[in-house]
Amino acid sequence: VDSGMNILRVNQQAEAYLNSLGHDLDTPLMTIGNQSLDALLPEVANTNRLEVDVSFPYEQVFEISLSEEFESESKYFTELSSNRARLVIIRDITMQRQIQKHSEENARMAAIGQLAAGISHDFNNILGTILTKVDLLKMTQPDLRDRSVNHLEGIRYHVKRASDLISQLLDFSRGSQLEIGTLHLY
């Protein structure tokens, strides 16, 4: 581009990208996507590159790099422009961003899985202790009344349900194929 941001020369791929960004090649490059280049220039000056998200006609992410101005003897300059130019590089980084997003999602799911595994292990230890105490009471107290035995069996039943619920949560956190069904909490 020249100092007036008029496009002097463009390759085929850049032309396709600029069309995706909604830019007419016969007009100065004043916007990228729906963002003003004047607003973007300070950010580009700090990083030498900028990412622009475009959602039309479909979701795309472009990386825009803009060089410092330089003097050029290009035959593409018009009488109205100086011989100062900048190189604008546009890369479609949609696939890289999708891979990065997928990788971050996998890392989050792995962390959730580790957390769920640790919690379920601790809860299962607690539930195992409760079941052991129930069995110990039944073995050491043979003269328990029927009502007390029923209470102990109720405790055993609910511990088993809690253990099943923990297993379901662990399966979910691992992304296992779940069997859909009704869960009765009471």
Side-chain angles (χ1 to χ4, degrees), residues 13 16-22 31-36 39-66 89-186:
Q13 193 63 55
Y17 291 163
L18 286 169
N19 285 333
S20 292
L21 290 165
T31 60
I32 294 180
N34 59 355
Q35 301 178 41
S36 162
L40 299 177
L41 280 176
E43 187 174 338
V44 173
N46 290 337
T47 62
N48 287 346
R49 66 178 50 135
L50 174 72
E51 288 185 15
V52 177
D53 294 334
V54 179
S55 57
F56 179 80
Y58 52 90
E59 195 68 35
Q60 284 182 285
V61 182
F62 292 100
E63 179 184 76
I64 313 293
S65 300
L66 188 64
I89 300 170
I90 302 172
R91 288 184 344 140
D92 185 349
I93 59 170
T94 305
M95 185 63 72
Q96 291 95 320
R97 289 301 166 256
Q98 288 172 345
I99 290 169
Q100 180 182 10
K101 184 177 177 182
H102 186 68
S103 177
E104 290 169 356
E105 188 175 303
N106 285 342
R108 274 194 304 275
M109 289 306 292
I112 290 170
Q114 287 177 336
L115 179 64
I119 291 171
S120 67
H121 177 76
D122 290 344
F123 271 111
N124 279 330
N125 286 344
I126 294 167
L127 294 175
T129 301
I130 293 170
L131 283 178
T132 301
K133 297 289 184 180
V134 167
D135 291 340
L136 188 59
L137 271 172
K138 286 172 72 176
M139 288 189 312
T140 60
Q141 304 293 322
D143 55 342
L144 285 175
R145 295 186 312 191
D146 287 343
R147 185 172 179 190
S148 295
V149 171
N150 287 341
H151 286 307
L152 291 175
E153 288 304 318
I155 291 171
R156 174 177 278 292
Y157 170 77
H158 289 291
V159 166
K160 172 71 172 119
R161 288 186 54 213
S163 179
D164 290 345
L165 182 59
I166 290 168
S167 292
Q168 289 175 7
L169 288 173
L170 190 56
D171 286 343
F172 175 75
S173 72
R174 289 180 182 151
S176 300
Q177 190 70 9
L178 299 178
E179 190 176 308
I180 298 176
T182 303
L183 176 65
H184 298 286
L185 296 176
Y186 288 99

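Position 1 is the first residue of the sequence; numbering continues from there.
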Worksheet entry | Listed once per pair and sorted, the salt bridge (Lys or Arg N to Asp or Glu O under 4.0 Å) pairs that draw on residues 98-122, sequence neighbours left out | none
Worksheet item: Can you name the side chain to side chain donor-acceptor pair (under 3.5 Å) partners of R156, sequence neighbours left out?
Response: D135
Discussion item. Using every non-hydrogen atom in the two residues, find where S120 and L170 come nearest and quote the distance to one decimal.
Written reply: OG-CD2, 3.6 Å
Worksheet item: Is there a side chain to side chain contact (heavy atoms under 4.5 Å, CB included) between D171 and Q168 once you walk through the steps?
Response: CA-CA 5 Å; D171 286 343; Q168 289 175 7; 5.6 Å; no
Fill in: By side chain to side chain donor-acceptor pair (under 3.5 Å) - contacts of D164 (at least two apart)
K160
Worksheet item: Which residues pass the side chain to side chain donor-acceptor pair (under 3.5 Å) test with Q114, sequence neighbours left out?
Response: none
Discussion item. Quick check for you: to the nearest 0.5 Å, what is the distance between H121 atom NE2 and I126 atom CD1?
Written reply: 10.5 Å
Worksheet entry | Which atom of F62 lies closest to which atom of I93, heavy atoms considered | C-CG1, 4.2 Å
Worksheet item: So which pairs with a foot in residues 90-99 pass salt bridge (Lys or Arg N to Asp or Glu O under 4.0 Å), sequence neighbours left out?
Response: E51-R97, E63-R91
Donor-acceptor contacts under 3.5 Å from residues 136-144 side chains, at least two apart:
| residue | atom | partner | partner atom | Å |
| --- | --- | --- | --- | --- |
| K138 | NZ | E153 | OE2 | 2.1 |
| T140 | OG1 | L136 | O | 2.7 |

Name every donor-acceptor pair, under 3.5 Å, that has one atom in a side chain of residues 127-134 and the other anywhere in the protein, sequence neighbours excluded.
| residue | atom | partner | partner atom | Å |
| --- | --- | --- | --- | --- |
| T129 | OG1 | N125 | O | 3.0 |
| T132 | OG1 | G128 | O | 2.8 |

Worksheet, complete the sentence: Sequence neighbours excluded, the answer for side chain to side chain donor-acceptor pair (under 3.5 Å) partners of N106 is H102
Practice prompt. Identify, with sequence neighbours excluded, every residue that meets side-chain contact (heavy atoms from CB on, under 4.5 Å) alongside L169.
Written response: none
